[in-house]
Structure formats: C-alpha cells, structure tokens
Amino acid sequence: MNDLYKQQVRKELVSWFEEEKRDLPWRKTKDPYKIWVSEVMLQQTKVDTVIPYYERFISKYPSLESLASADEEELLKEWEGLGYYSRARNLQAGVKEVVEDYGSIVPSTRKEISKLKGVGPYTAGAVLSIAYSVPEHAVDGNVMRVLSRLLLIKEDIAKPKTKKVFEEAVMELIDRENPSSFNQGLMELGAVICTPTKPKCLLCPVREYCTAFFEGMQEELPVKTINKKTKIHKMKAVVIEEDGKILLEKRPSKGLLANMWQFPMVELPTATHTVEEVIEHDYRISIVKGKEIASFKHIFSHLTWEMESFEAKLTKDKGLPTNCKWFTKIEVENQPMPVPMLKIWNAWKERNLEQ
DNA sequence: CAGCCGTGGGC
DNA sequence: TGCCCAAGGCT
C-alpha cells in the first residue's frame, strides 16, 4: 500500500459512509456507554434484530449507574430472545467495573478498556474509535471480508491467527483524522455493499482500489473453512400446573442458556426409560403425562434440540430441587426464558387461556 | 487453539 | 430443507 492509495481509500470510504450511512439509533450519540451497549448487542447479531432491543434497553438503563445497579433477572428479561445470554451478564459486570474502579468513566485506552469483562479486541476498538476518536482497529467479520477483497488477502479467516493480519492492515490503512467513520465505513460497506454473496461492486465507493474486483475474484473471497454438523438432543419438557401455578426450573449459571428459566425437561437419548421415570429421578416428583403441547426442532449454533412437550399432572412431590419453583401465570411471563421455552409457553397459553 | 455460546433470516 | 451468515468473547 503506497501513501496515495491509502489516502484515496480513506477519503472515498469516509465520505461514502458519512453521506450514505443508515440512520441507526446508536449513531445519534457518542456516549461511550451507549456505544458499548450497541456493540455488545451487535456481536453476531443483525442490525434489524438489535434495534428494538437497543431502544428498550437504553430507555430502561440510560446510564452506567442504572445498569450497574440493575436486577439480574430483569436484565436477562430485557435480553430475552437476543441470544448469547452471557453477553448480558458480562456487560453488567464490565459496567460495574467502570463505575467502581474508573469513576464511571469508560476507559479510553485499549489496554484499560480491554480489561473489562466482555470487552474483546473488536469491542475495544469499536468503542475507542467511535466514542473517543482513537485510531484503533475494530476487526469483525465484515472488515475481514472487505479487506480480504480490497487487498486480496487469501488467508483463511476461520483461523484465529489470521485476524492479526487484518488488524495490522487496518492500523496501516486507518484514517487517523476520522477513525470513527473509517471503521464504521468498513463495517457498513461489508453490511450493504461488500456482502458475502453477490457483492454490489458497481455501487462500491472503493471499487477502483479493490484488487479482488480488478482480478474478478470478489466472489471467491474471503477464504473460510469450517462447518461442523450439530449434534441432536432429544428433549422432553413438561408443563405442570398445580393449584394455578406452573413449575419452572432455573438453569445453571454456566453453559448453555445460563441462568434462564425452563419447564422441567429431560433428555431421552434412547427409549430405555419413560419421561415419567426420568422426571421422577431428576426432579423428585411423580407425574402423569397428558396431552402433547408442541413439537419442534430448535437449532443452536452447535447443537439441536428435538423438542417434545406435554401437559402433566403432579401426583407426588418428594421435595423439589432448590433451583425449581412454582410461579403464577403472571409470574411466568416475567421470568427470562429462551425461545424454545417461549414457544411451548405460547402454545400452552393458546390452548388453555383463550376462550 | 478449538469448542462453546442463540437466534432469525436469506437463498 | 439444509446450510450459511451476522458489528465476538470466554475458557
């Protein structure tokens, strides 16, 4: 990259971004806290999905202090449906660190901000450049795709080691006068023009500087390996109503769907045992299975639940585990539940509470 | 480093 | 339908 090339790319990218950028809620502010919230929500999540969550979240937690003192269950409820729920807990933990250790001022150096829980290399660079105009790299999937094409970088972006190549490229190319628009410009370009398939090269502001376009290779880049099949888990859940209350179980604080609530659920890999038997063993209750509620497949990033759910009647209670609790139907609505549980709950309500 | 961690949408 | 994809971080 010679100096003239870099200057031209910066100029075209920044001016394109400032003229064409989408009107998004988090682009109305430079508040480091709000930028931080948006960046965490946007991790592996589409803009259109994030918008309503962001609006509700900032409305409920407008400041570092308000989030720091938030109730964790309420926080998770705000996050319900967004996925990757540990993001919410890590965000709050990071915010608490800022309030307690940094006088409620989000740190403005990579070294300091990177110490915060949930703030990795990307989020650090994004907050620094967007909120503080610090010329730091913010390399995500978009940036790797755009730069792999612009600079004809053929290394496998699935390998963690490769990210360093792109971070170094950004540090060389970045507009030090306007790192905010430069970094966002790269991501915006990746989102609307330099898309994974069928990139809109004829609309691209840096087309004439793009090596892959010159070579006609834009569709072949970036190089990315990987794809593993998800393992199937056969899950059976039961909705148990007793004296107008519903039995829920809180999941462990680590691992899949941490701290979320669910209906009592067991995995039956083989047909060796019945649902009733395994429920009795795991929950120390006896039940009689009733009508089926909903059956569906729920695909996570690395595993699949083949769900079946049933109504059930309680016949004996030998002392529930401490993570189980009875809730009124109103209270059930206020517990943070993952999407597959919401599906069951909605199907159950439709049958039992309407007319 | 590799595996884990959600969800919804596009083709 | 099946697979890929998205503004990643943690362990």
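Everything numeric here is computed off the predicted structure, so don't read it as measured data. A note on names: the letters A, B, ... follow the listed sequences, proteins ahead of strands, and every chain is numbered from 1.
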Please tell me whether [X] and [Y] have a donor and an acceptor in their side chains that are separated by less than 3.5 angstrom.
{"X": "E331(A)", "Y": "W326(A)", "answer": "no"}
{"X": "Q43(A)", "Y": "Y84(A)", "answer": "no"}
{"X": "E215(A)", "Y": "T211(A)", "answer": "no"}

> When you check every protein heavy atom under 4.0 Å of nucleotides 4-11 of chain B, what one-letter string (B, S, -) results, 5' to 3'?
Replying inline: SBBBB---

> Are the side chains of N259(A) and Y85(A) in touch, meaning some heavy atoms are under 4.5 Å apart?
Replying inline: no

Salt-bridge present ([X], [Y]; N to O < 4.0 Å):
{"X": "E73(A)", "Y": "K77(A)", "answer": "no"}
{"X": "D23(A)", "Y": "K28(A)", "answer": "yes"}
{"X": "K60(A)", "Y": "E74(A)", "answer": "yes"}

> In Å and rounded to the nearest 0.5 Å, what is the CD to OG distance from E136(A) to S114(A)?
Replying inline: 8.0 Å

> What distance do R56(A) atom CZ and I51(A) atom CD1 have between them, rounded to the nearest 0.5 Å?
Replying inline: 12.0 Å

> So which of residues 14-31 of chain A are in contact with DNA chain C, with a heavy-atom cut-off of under 4.0 Å?
Replying inline: R22(A), L24(A), W26(A), R27(A)

May I have the distance from [X] (atom [atom1]) to [N] (atom [atom2]), rounded to whole angstrom?
{"X": "E39(A)", "N": "dG8(C)", "atom1": "CD", "atom2": "C1'", "value": "11 Å"}
{"X": "L91(A)", "N": "dG8(C)", "atom1": "CG", "atom2": "P", "value": "15 Å"}
{"X": "W79(A)", "N": "dG9(C)", "atom1": "CH2", "atom2": "P", "value": "13 Å"}
{"X": "L221(A)", "N": "dC5(C)", "atom1": "CG", "atom2": "P", "value": "13 Å"}
{"X": "E188(A)", "N": "dA6(C)", "atom1": "CD", "atom2": "P", "value": "15 Å"}
{"X": "K231(A)", "N": "dG3(B)", "atom1": "NZ", "atom2": "P", "value": "14 Å"}
{"X": "K163(A)", "N": "dA2(B)", "atom1": "NZ", "atom2": "P", "value": "15 Å"}

> Base, sugar-phosphate, or nothing for R89(A), non-hydrogen atoms under 4.0 angstrom?
Replying inline: nothing

>> Counting the atoms with a prime plus P, OP1 and OP2 as sugar-phosphate, which does K161(A) contact under 4.0 Å by heavy atoms, base, sugar-phosphate, or nothing?
In response: sugar-phosphate

>> Could you tell me how far dC4(C) sits from dG3(B) if I compare only their P atoms? Round to whole Å.
In response: 16 Å

> Taking for each residue the nucleotide of DNA chain C bearing the nearest heavy atom, is the 5' side occupied by N90(A) or by V143(A)?
Replying inline: V143(A)

